[in-house]
Amino acid sequence: MQLTSALIVLSTLASAHGFRLVDNWSGPSFFDQFSFFTGNDPTHGYVDYVDRGTAQAQGLIGTSGQTVFLRPDSTNRAVGRGRKSVRLTSNKSYNQGSLIIADIGHMPVGCGTWPAFWTVGPNWPSSGEIDILEGVNNQNKNQVTLHTTAGCTMAGVGRDQWAIADALNCDVNAPNQFPNQGCSNVDQNTNSYGQGFNNIGGGVYATLWDASGIKVFFWWHDIVPQDVRNGNPNPAAWGKPTAVFPFGSNCPASHFQNQQIVINLTFCGDWAGSVFSQTCPGDCIAFVRDNPQAFRDAYWAINSVKVYQQ
Ligand SMILES: *[C@@H]1O[C@H](CO)[C@@H](O)[C@H](O)[C@H]1NC(C)=O
Ligand SMILES: *[C@@H]1O[C@H](CO)[C@@H](O)[C@H](O)[C@H]1NC(C)=O
Ligand SMILES: *[C@@H]1O[C@H](CO)[C@@H](O)[C@H](O)[C@H]1NC(C)=O
């Protein structure tokens with residue numbers, strides 16, 4: 001008996017790979033973990049972020065089994081600040097040694113949309129921002145981006161570690177980059193974002209933030225590693241990430257602190273608005289204002305968010 005329980009304890013420890021589950025959010029209690037941001041969109045989107053009561057009453061949040069839904073108003077012509085939507089910020093914040101695993105079944109798509117699953121620390125950009133899943137309009141490739149103060153660059157990072165680099169300097173005020181461009185990896189997989197992502201039933205985004213830096217991994221559901229399915233994540237066995245941002249003299253780890261998880265969907269604004277005409281008809285704000293039915297597919301379906309710590 002004693003030997004058996006000792007073996008069970010040993011095998012539990014051995015399978016833990018150094019990561020312990022600290023948060024496991026899904027189902028109706030998911031929304032208890034977040035605050036509903038109701039201010040004006042800092043990125044100048046045409047959006048009216050509503051509080052929890054309003055979101056509930058208007059069907060903008062809900063659950064089906066353990067899956068959580070966040071959707072914009074897709075019934076009414078927009079008035080005032082813009083189309084009604086939700087933006088959630090986790091009450092808890094996380095530090096180095098964290099692994100955030102989000103299982104997402106569907107993400108907002110379509111003209112005018114700018115959804116993001118991301119993290120941000122206080123006194124932006126002093127504590128850094130990690131954009132894990134983000135894009136605009138009809139994009140089909142995910143862009144993982146960091147935003148920091150001066151002194152964090154990926155310019156010295158080996159090219160083999162990167163997909164297509166949009167920009168290398170993570171500093172939001174970097175010379176020769178757009179304001180607040182940050183440093184980013186664009187995934188070359190067209191299932192990593194938007195309609196392509198939804199067509200395959202979504203997938204799992206894992207963000208590992210440890211002493212070596214920040215790595216983001218993406219798997220569609222068929223290829224999620226067994227250790228992730230089992231709740232014993234083993235990043236060492238995962239192979240090449242979709243994005244890698246090493247820490248070092250190029251970017252001291254101190255650029256990232258106290259990250260809160262944010263899930264948002266805005267419309268138009270600094271990014272979606274400025275490139276709207278490349279793939280979408282007419283004027284972004286008029287389109288978002290006048291076509292509620294165009295936003296029926298602009299919803300998040302989140303199966304779970306789990307956070308592990310070293
Ligand atoms: C998170 O913060 C909101 C207020 O913004 C609060 O209503 C909620 O109870 C908090 N959740 C937890 C788990 O503390
Ligand atoms: C939405 O998310 C992006 C994350 O990349 C962020 O830059 C932007 O401020 C957010 N917009 C808002 C405030 O909803
Ligand atoms: C997380 O919670 C879900 C739903 O309650 C549960 O089925 C699952 O086993 C939990 N996962 C882990 C790794 O504990």
Side-chain angles (χ1 to χ4, degrees), residues 8-9 11-42 47-58 60-70 84-95 97-106 117-124 127 132 201-210 217-219 221-238 258-266 300-310:
I8 291 168
V9 169
S11 69
T12 307
L13 288 174
S15 61
H17 305 302
F19 286 93
R20 181 175 57 92
L21 184 69
V22 294
D23 288 304
N24 180 9
W25 301 333
S26 65
S29 63
F30 183 91
F31 297 106
D32 298 340
Q33 313 303 327
F34 294 87
S35 301
F36 284 66
F37 173 90
T38 55
N40 292 328
D41 180 352
V47 70
D48 182 17
Y49 283 126
V50 299
D51 61 26
R52 183 171 178 168
T54 307
Q56 211 124 36
Q58 301 199 359
L60 307 188
I61 58 171
T63 53
S64 169
Q66 290 301 306
T67 302
V68 169
F69 293 90
L70 287 73
K84 286 188 168 50
S85 182
V86 289
R87 170 176 156 139
L88 305 183
T89 308
S90 69
N91 294 13
K92 279 185 77 172
S93 57
Y94 302 94
N95 278 292
S98 298
L99 170 63
I100 300 170
I101 301 187
D103 184 330
I104 299 172
H106 188 280
F117 183 96
W118 55 298
T119 71
V120 64
N123 308 315
W124 187 93
S127 311
I132 298 163
V204 173
Y205 271 94
T207 305
L208 175 64
W209 172 19
D210 66 13
F217 298 81
F218 167 60
W219 309 286
H221 287 112
D222 289 347
I223 63 162
V224 174
Q226 198 57 47
D227 56 86
V228 173
R229 292 176 202 269
N230 292 346
N232 286 311
N234 182 17
W238 292 348
N258 299 320
Q259 298 285 304
Q260 289 172 285
I261 298 170
V262 186
I263 308 168
N264 68 354
L265 167 62
T266 190
W300 290 104
I302 299 175
N303 298 317
S304 65
V305 173
K306 294 177 186 171
V307 183
Y308 295 84
Q309 281 173 343
Q310 276 176 330

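In listed order, ligands and their atoms are each counted from 1.
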**Study point:** atom 9 (O) of ligand 1 [closest protein heavy-atom partner, distance rounded to 0.1 Å]
**Key:** D32 O, 4.3 Å
Check your understanding: Of the protein's non-hydrogen atoms, which lies at the shortest distance from atom 6 (C) of ligand 1, and what is that distance?
Key -> N91 ND2, 4.2 Å
Check your understanding: Hey, are D51 and T54 close enough side-chain-wise for a donor-acceptor pair under 3.5 Å?
Key -> yes
Point to revise | Spacing of Q226 atom CD and N234 atom CG [to the nearest 0.5 Å] | key: 12.5 Å
Review point. Nearest protein heavy atom to atom 13 (C) of ligand 3, by residue and atom, and its distance?
Key: L21 CD2, 3.7 Å
Exercise for review: May I ask you to decide if the ring planes of F31 and F36 are parallel, tilted or perpendicular, using 30° and 60° as cut-offs?
Suggested key: tilted
Exercise for review: Identify, for atom 5 (O) of ligand 1, the protein heavy atom at the shortest distance, and state residue, atom and that distance.
Suggested key: S35 OG, 2.7 Å
Check your understanding: Would D32 and R52 pass as an ion pair if we require N to O under 4.0 Å?
Key -> yes
Check your understanding: Centre of F37's six-membered ring, under 6.0 Å away, within 45 degrees of the axis: is that where NZ or CZ of R87 sits?
Key -> yes
Check your understanding: Looking at the rings of F34 and W25, which for Trp means the six-membered one, are their centres under 6.0 Å apart?
Key -> yes
Exercise for review: Heavy-atom contacts with N24 under 4.0 Å: which atoms of ligand 3 show up? List them by number with element.
Suggested key: 1 (C), 2 (O), 3 (C), 8 (C), 10 (C), 11 (N), 12 (C), 14 (O)
Check your understanding: Does atom 11 (N) of ligand 3 have a protein non-hydrogen atom under 4.0 Å from it?
Key -> yes
Exercise for review: Return yes when at least one protein heavy atom is under 4.0 Å from atom 2 (O) of ligand 1, and no when none is.
Suggested key: yes
